[in-house]
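Step one of this worksheet: look at the structure below.
The sequence lines fix the lettering, A, B, ..., with proteins before strands; numbering per chain opens at 1.
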Number of protein chains: 2
Amino acid sequence: MTVSRVLSGGKNVRLEVQERVARAVETLGYHRNENARSLRPGHRSGLVGVTITNIANPYYAEMLRGVEEIASSHGRRILVGNSNEDADLEKQLVADFIGRRVEGLIVVPSSAGDAAHLQPERLGGVPLVLASRAVADVAADTVLIDDVEGARGATAALLAEGHRRIAYLGQRSVFTGRRRLEGFTLAHEALDLRPDDELIRVGQQDVGSAEQAMTELLELADPPTAVFSANNRNTVGAIRAIVARRRSGGSAGTSSLDIRVAGFDSFDFADIAPVRLSVVDHDAGDLGRRAAAMLFDRLGDAPQPLDARTLELPVTLRDLF
Amino acid sequence: MTVSRVLSGGKNVRLEVQERVARAVETLGYHRNENARSLRPGHRSGLVGVTITNIANPYYAEMLRGVEEIASSHGRRILVGNSNEDADLEKQLVADFIGRRVEGLIVVPSSAGDAAHLQPERLGGVPLVLASRAVADVAADTVLIDDVEGARGATAALLAEGHRRIAYLGQRSVFTGRRRLEGFTLAHEALDLRPDDELIRVGQQDVGSAEQAMTELLELADPPTAVFSANNRNTVGAIRAIVARRRSGGSAGTSSLDIRVAGFDSFDFADIAPVRLSVVDHDAGDLGRRAAAMLFDRLGDAPQPLDARTLELPVTLRDLF
DNA sequence: CGTGTGCTTGGTAACGATAACAACCGGTCC
DNA sequence: GGACCGGTTGTTATCGTTACCAAGCACACG
């Protein structure tokens with residue numbers, strides 16, 4: 001009991017005893033057992049659980065840092081799990097985190113599979129914040145990037161420059177992909193136009209397949225004059241295809257030499273890319289910080305809104321030429 | 001007790017009772033308290049603590065994924081902390097992790113400050129693996145990249161191409177920086193050469209300051225014809241400076257147009273860099289996996305070597321042109 | 001001198017889970 | 001019939017910590 005008192009400030013303990021305890025702690029290499037502490041009622045575990053679909057993706061790594069930064073400033077540690085886009089793994093991670101009595105969860109929901117395990121009543125009262133992607137039918141606080149507006153704005157800029165055949169490279173199965181395609185379509189509809197289905201390519205996962213898709217587009221009888229890509233891998237693949245065609249002296253004449261490119265997410269060297277490029281820029285770290293802030297808001301003493309809140313972070317369109 | 005039995009397999013519990021328990025667990029949203037479980041003697045916490053100097057650095061993010069992969073395959077979760085190169089913060093993180101009864105620690109030691117908190121006797125018997133950087137006087141298992149050989153090999157390649165004025169962009173205060181500078185110097189000495197101190201720039205932490213340093217080098221009366229950079233931030237900065245000078249029609253004539261670049265660490269889209277670039281490539285994920293494997297080796301039942309072991313992972317030089 | 005006050009210290013119980021043991025059941029065997 | 005066995009269920013004690021209470025002491029006050 002006296003040791004406990006010393007370790008939590010030393011109130012009402014004789015100075016000499018405090019020193020004796022400190023010495024013993026030092027020589028014995030004693031570390032107070034936080035698991036036992038958190039067992040006592042009223043005590044918090046000081047943990048926040050984070051599941052990410054791919055930790056190695058620099059985008060999510062940056063987000064994770066944002067989460068860690070805010071968690072750390074609230075004296076919390078983060079438990080991290082990689083769901084690998086697998087709902088089953090995500091379910092196990094969430095269950096384990098709750099078992100470890102995390103105070104809250106921040107989840108980038110996996111795109112594949114059922115999300116029943118994220119329903120509030122399955123979480124035993126642990127607050128959940130979804131980051132980057134929303135989940136249908138799950139009423140949880142959510143922080144998103146304004147995918148629709150980002151894609152709409154970038155596409156609208158291409159249309160305003162006079163482009164009428166604009167290709168789309170991206171995804172349709174992932175939440176953000178769907179939203180970005182929606183923005184792409186909205187921009188067209190605002191001008192009473194309709195994107196040509198022939199110019200829409202989805203499913204490219206890496207630079208290689210994106211390059212392949214763009215090469216095919218350039219070989220069309222009526223090729224696109226501009227391309228919007230929904231992520232930086234597709235942007236880089238598109239640029240490669242354009243450069244390769246330029247080098248081989250593109251058969252379609254000069255038109256393929258100056259394909260205009262706009263893409264979601266910036267990347268290293270975006271500003272020295274050999275094409276007229278615009279990027280939809282946003283701060284992954286901010287996404288993490290906002291998600292964490294939303295979580296600690298729920299953990300605070302302030303009266304809570306009962307409804308789930310959704311935050312859409314703004315993006316900016318930057319011309320890099 | 002019966003519930004406990006059901007949850008740990010259901011041996012010797014009537015089937016009907018098992019079903020009843022399962023239903024109650026479902027409706028109540030019950031999750032077994034892992035902290036309480038780990039309190040019992042003989043039981044393991046299932047946690048591994050990882051401290052990294054900068055989570056947002058894609059290199060360490062990739063390493064973290066490697067650690068997570070191995071930890072996950074051993075049924076362990078990872079607790080992650082960002083030390084921000086601050087030994088004090090690192091000390092707090094390590095103490096907290098031990099307090100949470102992690103089974104082991106993987107630490108990228110911070111470059112600044114005292115490392116007494118990493119001494120084995122201060123860790124209360126928790127095994128420690130140092131990753132990426134060694135610490136003098138700390139007898140812990142260590143996994144390193146072969147920095148010296150990587151830097152020596154890349155520099156030797158530049159020298160073999162005939163370059164005699166090779167700049168160095170990197171660090172000297174960080175363990176890996178010192179080793180890479182050593183390799184850079186060794187390559188020169190092997191040909192009885194000595195690097196020009198004027199061409200050695202240390203201390204650039206980000207792309208911006210690296211670009212600035214490279215710009216200064218290009219403005220020298222006798223500028224370098226090649227540059228070796230000790231990490232990818234410096235490589236990107238150097239490439240930007242070269243491209244910027246090329247665009248402004250470098251006053252030093254054509255020589256600044258084809259500065260040869262070699263750098264430690266690859267990075268996203270390195271192969272689209274508009275310069276003749278070689279990179280010293282190594283797998284950060286592998287670094288993490290090896291560190292984790294070394295840790296679980298110590299945690300296993302096999303008889304343990306008493307001495308600390310050091311592993312140096314090989315690197316490969318890749319020409320990206 | 002008795003009582004009250006404040007400081008210091010230690011005893012007890014409780015958090016949740018589970019090994020170890022005890023108790024009870026029905027069935028089998030001698 | 002009684003001893004024994006295996007399957008099932010519940011009781012007890014313990015892990016490390018700390019809120020709460022009690023006890024002891026020195027000191028001040030009336």
Side-chain angles (χ1 to χ4, degrees), chain A residues 1-47 49 75-77 79 92 94-103 122-126 299 301, chain B residues 1-47 49 75-77 79 92 94-103 122-126 299 301:
Chain A
M1 194 57 236
T2 297
V3 171
S4 173
R5 260 188 285 255
V6 172
L7 263 55
S8 42
K11 272 261 175 338
N12 291 343
V13 180
R14 203 153 36 106
L15 200 65
E16 185 264 330
V17 176
Q18 290 193 43
E19 283 163 0
R20 209 141 41 91
V21 168
R23 243 176 301 141
V25 163
E26 187 74 14
T27 52
L28 296 174
Y30 170 83
H31 290 259
R32 186 164 57 176
N33 188 327
E34 291 296 326
N35 294 332
R37 283 190 90 197
S38 76
L39 199 56
R40 296 192 49 78
H43 206 282
R44 314 215 156 268
S45 70
L47 293 177
R76 312 301 213 285
R77 305 288 174 217
L79 265 168
Q92 286 174 37
V94 166
D96 184 83
F97 287 169
I98 295 175
R100 292 180 194 280
R101 294 300 182 265
V102 294
E103 298 175 44
R122 301 286 291 273
L123 300 178
V126 177
L299 294 179
D301 301 323
Chain B
M1 195 57 235
T2 298
V3 171
S4 172
R5 260 188 285 255
V6 172
L7 263 55
S8 41
K11 272 262 174 347
N12 292 343
V13 180
R14 202 150 38 103
L15 200 65
E16 186 263 329
V17 177
Q18 289 193 43
E19 283 162 0
R20 208 139 43 89
V21 169
R23 242 177 301 139
V25 163
E26 187 73 14
T27 52
L28 296 174
Y30 170 83
H31 290 260
R32 185 163 58 175
N33 188 325
E34 291 297 326
N35 294 333
R37 284 190 91 199
S38 77
L39 201 55
R40 293 194 53 79
H43 207 282
R44 314 217 157 267
S45 70
L47 293 176
R76 311 302 212 285
R77 306 287 175 219
L79 264 167
Q92 286 173 38
V94 167
D96 184 82
F97 288 169
I98 295 175
R100 292 180 193 280
R101 294 300 181 264
V102 294
E103 298 175 44
R122 301 286 290 274
L123 300 178
V126 177
L299 294 180
D301 301 324

Checklist outcome for this item: Within residues 3-12 of chain A, the residues having a heavy atom closer than 4.0 Å to DNA chain C are A/Arg5, A/Asn12
Item to check | Audit row: A/Val21, A/Val13, side chain to side chain contact (heavy atoms under 4.5 Å, CB included) steps and yes/no | outcome: CA-CA 10 Å; A/Val21 168; A/Val13 180; over 6 Å; no
Checklist outcome for this item: Residue pairs passing the side chain to side chain donor-acceptor pair (under 3.5 Å) test with at least one member in residues 27-36 of chain B, sequence neighbours excluded, are A/Ser38-B/Asn35
Checklist entry - To the nearest 0.5 Å, how far apart are CZ in A/Arg76 and CG in A/Leu47? => result 9.5 Å
Checklist entry - Just how far is it from atom CG of B/Asn12 to atom CD of B/Gln18, taken to the nearest 0.5 Å? => result 10.0 Å
Next on the checklist: Could you tell me the boundaries of the chain B footprint on DNA chain D, defined by atoms under 4.0 Å from its heavy atoms?
Outcome noted: D/dT8 to D/dG16
Item to check | Side-chain heavy atoms of B/Val126 within contact of B/Val94, under 4.5 Å | outcome: no
Next on the checklist: Let me test you: for the helix from C/dC1-D/dG30 to C/dC30-D/dG1, what is the angle between the axes at its two ends (five pairs each), rounded to 10 degrees?
Outcome noted: 70°
Next on the checklist: Could you work out, with salt bridge (charged side-chain N to carboxylate O under 4.0 Å, His left out) as the rule, every residue matching A/Arg20, not counting sequence neighbours?
Outcome noted: A/Glu16
Checklist outcome for this item: Closest non-hydrogen contact found for B/Thr2 with B/Val17 is CG2-CG1, 3.8 Å
Checklist entry - Among residues 17-44 of chain B, which residues get a heavy atom nearer than 4.0 Å to DNA chain C? => result B/Tyr30, B/Arg32, B/Asn33, B/Ala36, B/Arg37, B/Leu39, B/Arg40
Item to check | With sequence neighbours excluded, residues passing salt bridge (charged side-chain N to carboxylate O under 4.0 Å, His left out) with A/Arg77 | outcome: B/Asp96
Item to check | Non-neighbouring partners of B/Arg44 that pass salt bridge (charged side-chain N to carboxylate O under 4.0 Å, His left out), sequence neighbours left out | outcome: none
Next on the checklist: Of all nucleotides in DNA chain C that come within under 4.0 Å of a heavy atom of chain A, which is furthest toward the 5' end and which toward the 3' end?
Outcome noted: C/dT8 to C/dG16
Checklist entry - With A/Glu19, which residues qualify under side chain to side chain contact (heavy atoms under 4.5 Å, CB included), at least two apart? => result A/Leu15, A/Arg23
Next on the checklist: Tell me if a side-chain donor or acceptor on A/Arg101 pairs with a main-chain N or O of A/Leu39 at a distance below 3.5 Å.
Outcome noted: no
